[in-house]
Undergrad: 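The following block contains the structure, expressed as structure tokens.
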Amino acid sequence: MTVSWGILGAGRIAESQMAPAISAAPGHELIAVTRRDLAAAQQFADKHGARRAYDSDEALLADPQVNAVYVATPPHLHARQARLAAQAGKHILCEKPLALDTGEAQRMIDAARANNVDLTVCYYQRFNARHQRIKALLAAGAIGQVTAARISFSERFPPQPGVWHHDPAISGGGPLMDLGVHCIDLIRYFCGPVQSVAALVDTLVDSSPVADTATLLLRHEGGAQTVVTSHWTTANHDPERFNRVEIYGAEGTIVAAPIQAKDSAGTLQLITAEGIQDFSVEPGGPRPHLALLESFAAAVAGKSPNPIPGEEGLAGLAVVEAARESARSGRRIELA
Ligand SMILES: NC(=O)c1ccc[n+]([C@@H]2O[C@H](COP(=O)([O-])OP(=O)(O)OC[C@H]3O[C@@H](n4cnc5c(N)ncnc54)[C@H](OP(=O)(O)O)[C@@H]3O)[C@@H](O)[C@H]2O)c1
């Protein structure tokens with residue numbers, strides 16, 4: 001089955017990553033796109049080979065040739081668009097964060113289930129070849145029992161005119177909902193579900209309605225203690241080095257950077273009593289977006305499970321909400 005895509009919100013991420021990935025992926029085609037301005041939508045369609053351009057969600061969702069949509073608008077629109085897409089019988093690949101909060105995320109999951117379509121979260125870094133290697137190394141017991149980890153994704157990102165990320169009604173708020181959700185998803189992927197959360201979430205530098213600096217301490221089922229740092233207030237002059245994951249076990253250590261590569265490129269070392277094994281990937285390596293599309297296609301064809309179901313996006317948002325509650329109350333929050 002060919003996956004025939006409509007893109008809701010053909011903006012920056014659709015332009016830089018997903019439209020080129022759809023063009024490059026066998027068994028995928030780009031049928032239609034939306035932007036608020038029809039001429040801009042048409043321009044995007046022409047550039048990326050989409051057959052039609054629309055300026056409304058409803059028009060794209062009524063297109064009978066479209067059987068899946070990529071929701072690539074800012075977070076405040078995800079829940080409504082996913083519900084409409086589900087009701088139109090389209091499978092959904094939704095950008096992160098899945099929604100503004102867990103309530104919205106649950107309603108998206110319910111709508112997908114009620115309409116018998118897949119809802120997949122676009123946590124493409126699960127498909128980074130180095131991250132899949134880490135997962136396999138952990139499963140093989142390469143560092144023994146995992147006891148601790150640290151993951152960081154930060155940058156200096158002050159408020160700027162015309163940029164929605166500092167508007168909590170649109171973004172859901174701050175680096176936690178932007179960069180932190182990637183960290184939380186990856187650390188859950190590596191270390192398993194999160195059981196308890198303690199956090200500091202502060203506004204330290206900019207005059208912004210959102211908190212700009214967040215540090216989370218998590219305990220995972222199985223006991224591992226992990227630290228997530230996600231800031232918009234730390235100058236990061238070497239993101240290839242500082243956006244990194246370190247995983248510590250009773251018998252060894254795994255270190256990898258960066259966590260945001262679009263071609264899996266970067267370092268990965270396994271350090272044990274036997275020495276250092278290097279699994280680094282050179283630039284031009286496997287593209288996570290292509291692997292995600294391949295998995296998505298297999299899932300909607302009924303050949304394999306949904307690779308990153310909506311429940312995974314909801315679980316990440318539950319950690320964000322627990323972190324905020326912990327920061328507010330000064331207590332550690334237990335997740336059910
Ligand atoms: N996975 C990743 O690494 C990654 C990276 C970047 C972004 N993202 C996520 O992708 C999503 C989009 O981010 P982006 O940077 O691509 O955003 P963007 O370029 O600012 O906007 C994306 C699209 O949404 C439309 N849009 C923006 N604000 C709107 C509003 N108030 N009402 C209706 N439509 C609106 C834009 O419309 P116009 O075209 O008409 O302007 C554009 O088509 C977000 O959820 C973001 O967190 C993910």
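Counting starts at 1 for both ligands and their atoms, in listed order. All values below come from the heavy atoms of this structure, side chains included, with hydrogens, waters and symmetry mates left out.
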Undergrad: Is His165 close to ligand 1, meaning an N/O of one under 3.5 Å from an N/O of the other?
TA: no
Undergrad: Students should be able to answer this: which protein heavy-atom is nearest to atom 13 (O) of ligand 1, and at what distance?
TA: Trp164 CZ2, 3.7 Å
Undergrad: Identify, for atom 28 (N) of ligand 1, the protein heavy atom at the shortest distance, and state residue, atom and that distance.
TA: Pro74 CG, 3.5 Å
Undergrad: State whether Arg35 and Glu15 are salt-bridged, where the test is any N-O pair (Lys NZ or Arg NE/NH1/NH2 against Asp/Glu carboxylate O) under 4.0 Å.
TA: no
Undergrad: Determine whether any heavy atom of Ala40 lies closer than 4.0 Å to an atom of ligand 1.
TA: no
Undergrad: Which heavy atom of the protein is the closest neighbour of atom 44 (C) of ligand 1, given with residue, atom name and distance?
TA: Thr73 O, 3.4 Å
Undergrad: Regarding His166 and Gln160, do their side chains bring together a donor and an acceptor under 3.5 Å, going by distance alone?
TA: no
Undergrad: Are any of the side-chain nitrogens in Arg244 or Asp238 under 4.0 Å away from the carboxylate oxygens of its partner?
TA: no
Undergrad: Out of all atoms in ligand 1, which are within 4.0 Å of some heavy atom of His78? Include the element for each.
TA: 45 (O)
Undergrad: If you have a sec, work out which protein heavy atom is nearest atom 19 (O) of ligand 1 and how many Å separate them, to one decimal?
TA: Arg12 N, 2.9 Å
Undergrad: Flag the pair Arg324 and Glu321 as a salt bridge only when some basic side-chain nitrogen lies within less than 4.0 angstrom of an acidic carboxylate oxygen.
TA: no
Undergrad: Flag the pair His76 / Trp164 as yes when their ring centroid distance falls below 6.0 Å, and as no otherwise.
TA: no
Undergrad: Between Tyr124 and Lys96, do the side chains contain a donor N or O and an acceptor N or O under 3.5 Å apart?
TA: no
Undergrad: Determine all donor-acceptor pairs shorter than 3.5 Å in which one atom belongs to a side chain in residues 279-304; sequence neighbours excluded.
TA:
{"from": "Ser280", "atom 1": "OG", "to": "Leu268", "atom 2": "N", "distance (Å)": "3.2"}
{"from": "Ser280", "atom 1": "OG", "to": "Asp278", "atom 2": "OD1", "distance (Å)": "2.7"}

Undergrad: Near His76, which atoms of ligand 1 are under 4.0 Å from a heavy atom of that residue?
TA: 31 (N)
Undergrad: With heavy-atom distances below 4.0 Å as the criterion, list the atoms of ligand 1 near Pro75.
TA: 45 (O)
Undergrad: So is there a nitrogen or oxygen of Ile13 less than 3.5 Å from a nitrogen or oxygen in ligand 1?
TA: yes
Undergrad: Do the side chain of Ser4 and the main chain of Ile31 share a donor and acceptor less than 3.5 angstrom apart?
TA: no
Undergrad: How does Ser171 reach ligand 1, if at all, at less than 4.0 Å between non-hydrogen atoms: by side chain, backbone, both, or neither?
TA: neither
Undergrad: Can an N or O of Cys122 be found at a distance shorter than 3.5 Å from an N or O of ligand 1?
TA: no
Undergrad: Regarding ligand 1, does Arg36 bring an N or O atom to under 3.5 Å of one of the ligand's N or O atoms?
TA: yes
Undergrad: Can you report which non-hydrogen protein atom sits closest to atom 12 (C) of ligand 1, along with the distance?
TA: Ala72 O, 3.0 Å
Undergrad: For ligand 1, which is the ligand I care about here, please tell me if Glu95 has any N or O atom under 3.5 Å from one of the ligand's N or O atoms.
TA: yes
Undergrad: Check each atom of ligand 1 against the heavy atoms of Tyr124 and keep those under 4.0 Å away; list them by number with element.
TA: 1 (N), 2 (C), 3 (O)
Undergrad: Would you say Gln17 contacts ligand 1, with heavy atoms under 4.0 Å as the rule?
TA: no
Undergrad: Under 4.0 Å, counting heavy atoms only: does His182 come that close to any atom of ligand 1?
TA: yes
Undergrad: When you look for heavy atoms under 4.0 Å from ligand 1, do you find them on the side chain of Ile170, its backbone, both, or neither?
TA: neither
Undergrad: Closest non-hydrogen protein atom to atom 39 (O) of ligand 1, residue and atom name please, with distance?
TA: Arg35 NE, 2.3 Å
Undergrad: Under a heavy-atom criterion of less than 4.0 Å, does Glu15 contact ligand 1?
TA: no
Undergrad: Checking the side chain of Gln125 only, and the main-chain atoms of Ala261 only, is there a donor and an acceptor separated by less than 3.5 Å?
TA: yes
Undergrad: Do ligand 1 and Lys96 have nitrogen or oxygen atoms that lie under 3.5 Å from each other?
TA: yes
Undergrad: Please tell me whether Asn306 and Thr120 have a donor and an acceptor in their side chains that are separated by less than 3.5 angstrom.
TA: yes
Undergrad: Any salt bridge between Arg80 and Glu58, counting N to O under 4.0 Å?
TA: yes
Undergrad: Would you please indicate yes or no on a ring centroid separation below 6.0 angstrom for Phe190 and His131?
TA: yes
Undergrad: Which residue pairs pass the side chain to side chain donor-acceptor pair (under 3.5 Å) test when at least one of the two sits in residues 179-195, sequence neighbours left out?
TA: Arg126-Asp185, Arg188-Glu312
